[in-house]
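As the structure is a computational prediction, the values presented were derived from the model and not from experiment. First the proteins, then the strands, lettered A, B, ... as listed; each starts at 1.
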Protein chains: 2
Amino acid sequence: MNMRRTTIKDVAEVAGVGVATVSRVLSGGSASPETRERVLTVAAQLDYRPSALGRNLRQQRSGGIGLLLPDITDTFYGRLADGVLACARSAGEPVILGATGDDAEREAELIGILLEQGVDRVIAVPSGDGETWTPTLRAGLTMVFAHRLAAGRDDVPSVLADDRAGVRTAVDYLTGLGHRRIAYLGGPGQEQRLAVFRQALGELVDEELIVSARGSRDSAYAIAAGLLQRRPDLTAVLAGGNLLGEAAVLAARELDLRVPRDMSLIMFDDVPWAELCSPPLTVIAQPAQDIGYRAAELVLRAGGRRPRSVLLPTELIVRGSCAPKGISRSPR
Amino acid sequence: MNMRRTTIKDVAEVAGVGVATVSRVLSGGSASPETRERVLTVAAQLDYRPSALGRNLRQQRSGGIGLLLPDITDTFYGRLADGVLACARSAGEPVILGATGDDAEREAELIGILLEQGVDRVIAVPSGDGETWTPTLRAGLTMVFAHRLAAGRDDVPSVLADDRAGVRTAVDYLTGLGHRRIAYLGGPGQEQRLAVFRQALGELVDEELIVSARGSRDSAYAIAAGLLQRRPDLTAVLAGGNLLGEAAVLAARELDLRVPRDMSLIMFDDVPWAELCSPPLTVIAQPAQDIGYRAAELVLRAGGRRPRSVLLPTELIVRGSCAPKGISRSPR
DNA sequence: CTGAAAGCGCTAACAA
DNA sequence: TTGTTAGCGCTTTCAG
């Protein structure tokens, strides 16, 4: 049952031409119309599928696209991955997926695997710092960062949501509602957003209200609960991602804080459940899918020269989780 | 900057041995202790990483695992994928991901890509019927189905959640609360669940209350809204997945149906937002991650002989979306 | 225990 | 326009 695969040699033989000709025809090289047709016919008859194995070895690269992201369980990254897949599929390229867990070491390990596989194009939501990516770049891979950057690696093009504008909008919205003690609930790799947050808030910043979780749900919850308990005087929080937002909602509920009466909440990343929540969550939507798609485009179209980076817009979607600052929270 | 990679030949040369010896040492073959050590040292010094390209061609297979699922955007599949990744990583195997969109044609296309890549192990949540998988099996690939089966392909081992028990539990719970007109909101590939649903319900079944959506959110919403409008007399619905559950909540809200007063809702698949919803959703939890992990184990451990299939337990998690059947719904 | 050599399927340089 | 040929890096006989 397990007969040998049809190879280029078989096709050549049956078509009565050399293997090189077959190769040429199949990759769109020059050939006389009649030869071309004959080869094509035979290839079809024999149901010939060129082996990527042979080609890869010869070309010293395996066409695929490596995709490294923190957590495929997070719908944001799920959507991002979906965008990459969509683009890759239209190009007929396989996608090799790896989850870094926001851990530099694991990231390095996965990079190792990709290198070993001869992958020469990588899209990454970087976790480690610039150092981690030195081997990749030295090996001459085409790289694109998505969603965030790696410290000290400005030589890698990227596709980002416009965090700057997003944070500004959120802060403006909140301050416009009269809030002054605004907290930021951050995740890994959000330095840039934090900087903007501080800047947008100006003299209102309170470093105690700026906290960061590690990647996990548990960590997010712990940080959120801690913050809310420690600083009952805060009146608004900006959550830097859907996991953080979820944690904030949960923690608030646990502490009997009513949203938005006792605390306004605005979350980065629009997710389906934001609408299901009560109250429905006001969010800064990010085009996760587009980010992935565009990143894949960049990494595929890269015809040698380094492509320009891309910045995609975010959007404030007002629902019901923010209210004007009213009476201060009732003491607990 | 782009110097040649270190090859096995380099290592052999520096270590003063033949390439075959290096190969043997690195793959744990026999070698004298001193040779072994010398080779290992040199390999480390040169930072030698064997190229999967060469090995793959030689062995006529690329180690990786192909993973085909309907939609990476759905957190259920996200968790499943995460399980696969976890297992694959511990085995050092790359995972090639493809999203079928629950479309047999796209599935076939992706299978083509995998075959071309020489992938010889694939885990799939099948969308097409048995036919789709004939080429894969004929090519001698190791296959495992996850989460559901392909019609007429009983020769492929699988890892499933115990749908039968899950549906029974849900139905028992609902009927125990006094519900009689119970609807089922299904998705693609849930024939088996439907059968159990009908069976568990016995003479209570009402075919008009059994509806199926295609994979998308929109389709799910349309189907759910249609059902609730068409049959205002139903008192409970069982949603066959988190997308369907989401749709049900949304549709109910749109029609001003209060859950659980006007309608009890129980959803397959526990997701984080189920707890955030109001009321929190009662669910049948499925071990998505485990399904993925176990599937990966099967496909990796498959030492030639076909492994046995696996059935994993589901769990009823009672929260607040189900209530005893009370006064019939107020007329609208 | 070890090395030489064949060859996996393909492409690209070269010759005709 | 075509065919011949030389490898890409690796594993695996097969001798020694």
Inset, instruction - Nearest 0.5 Å please: distance from the CD atom of A:Glu109 over to the CD1 atom of A:Ile111. - result: 10.5 Å
Legend entry - 5'-most by nearest nucleotide on DNA chain C - B:Val17 or A:Arg49: B:Val17
Inset, instruction - Starting at atom CD1 of B:Ile8, determine the distance to atom C1' of C:dG3, rounded to an integer number of angstrom. - result: 12 Å
Legend entry - Sidechain-backbone polar pair: B:Ser158 side chain, B:Phe145 backbone, donor-acceptor under 3.5 Å: no
Inset, instruction - Hey, which sits more toward the 5' end of DNA chain C by its nearest nucleotide, A:Thr6 or A:Arg24? - result: A:Thr6
Legend entry - Gap between atom CG of A:Leu57 and atom OG of A:Ser62 - 0.5 Å precision: 11.5 Å
Inset, instruction - Using a cut-off of strictly less than 4.0 Å, decide whether A:Thr7 has a side-chain nitrogen or oxygen near OP1 or OP2 of C:dC8. - result: no
Inset, instruction - Answer yes when B:Arg148 and B:Asp102 have at least one side-chain N-carboxylate O distance shorter than 4.0 Å, and no when they do not. - result: yes
Inset, instruction - Taking B:Thr100 for its side chain and B:Glu107 for its backbone only, find out whether a donor-acceptor pair lies under 3.5 Å. - result: no
Inset, instruction - Report yes or no: does B:Arg121 contribute a side-chain atom to a donor-acceptor pair with the main-chain N or O of B:Gly63 at less than 3.5 Å? - result: yes
Inset, instruction - Assign each of B:Val19 and A:Thr21 to its nearest nucleotide of DNA chain D by heavy atoms, then name whichever residue's nucleotide is nearer the 5' end. - result: A:Thr21
Inset, instruction - Just call it for B:Thr35: base, sugar-phosphate, or nothing, with non-hydrogen atoms closer than 4.0 Å on any strand. - result: sugar-phosphate
Legend entry - Relative orientation of the end axes in the helix from C:dC1-D:dG16 to C:dA16-D:dT1, expressed as an angle to the nearest 10° (five pairs per end): 40°
Legend entry - Outermost DNA chain D nucleotides near chain A [under 4.0 Å, heavy atoms]: D:dT1 to D:dG9
Inset, instruction - Identify whether any heavy atom of A:Gly16 sits under 4.0 Å from a base atom; if not, whether one sits that close to sugar-phosphate; answer base, sugar-phosphate or nothing. - result: sugar-phosphate
Legend entry - Sugar-phosphate only, base, or nothing, as touched by B:Ala20 at under 4.0 Å among non-hydrogen atoms: base
Legend entry - Whether B:Phe76 and B:His147 hold their rings parallel, tilted or perpendicular, with breakpoints at 30° and 60°: tilted
Legend entry - Gap between atoms NZ and P, on A:Lys9 and C:dT11 respectively (whole Å): 15 Å
Legend entry - Whether B:Ser23 side chain and B:Val19 backbone form a donor-acceptor pair below 3.5 Å: no
Legend entry - Of A:Leu137, A:Thr142, A:Leu149, the residue whose pairing with A:Val156 passes side-chain contact (heavy atoms from CB on, under 4.5 Å): A:Leu137
Inset, instruction - Rounded off to whole Å, could you give me the CD-to-P distance for the B:Glu116 and C:dG9 pair? - result: 15 Å
Legend entry - Which atom of B:Leu69 lies closest to which atom of B:Tyr77, heavy atoms considered: CD2-O, 3.8 Å
Inset, instruction - Return yes if some donor-acceptor pair links the side-chain N/O of B:Arg5 with the main-chain N/O of B:Arg49 below 3.5 Å, else return no. - result: yes
Inset, instruction - Indicate, with a heavy-atom threshold strictly under 4.0 Å, whether B:Ser23 touches base, sugar-phosphate, or nothing. - result: base
Inset, instruction - For DNA chain D, find the residues of residues 51-59 of chain A with a heavy-atom distance under 4.0 Å and give them by number; none if there aren't any. - result: A:Leu57, A:Arg58
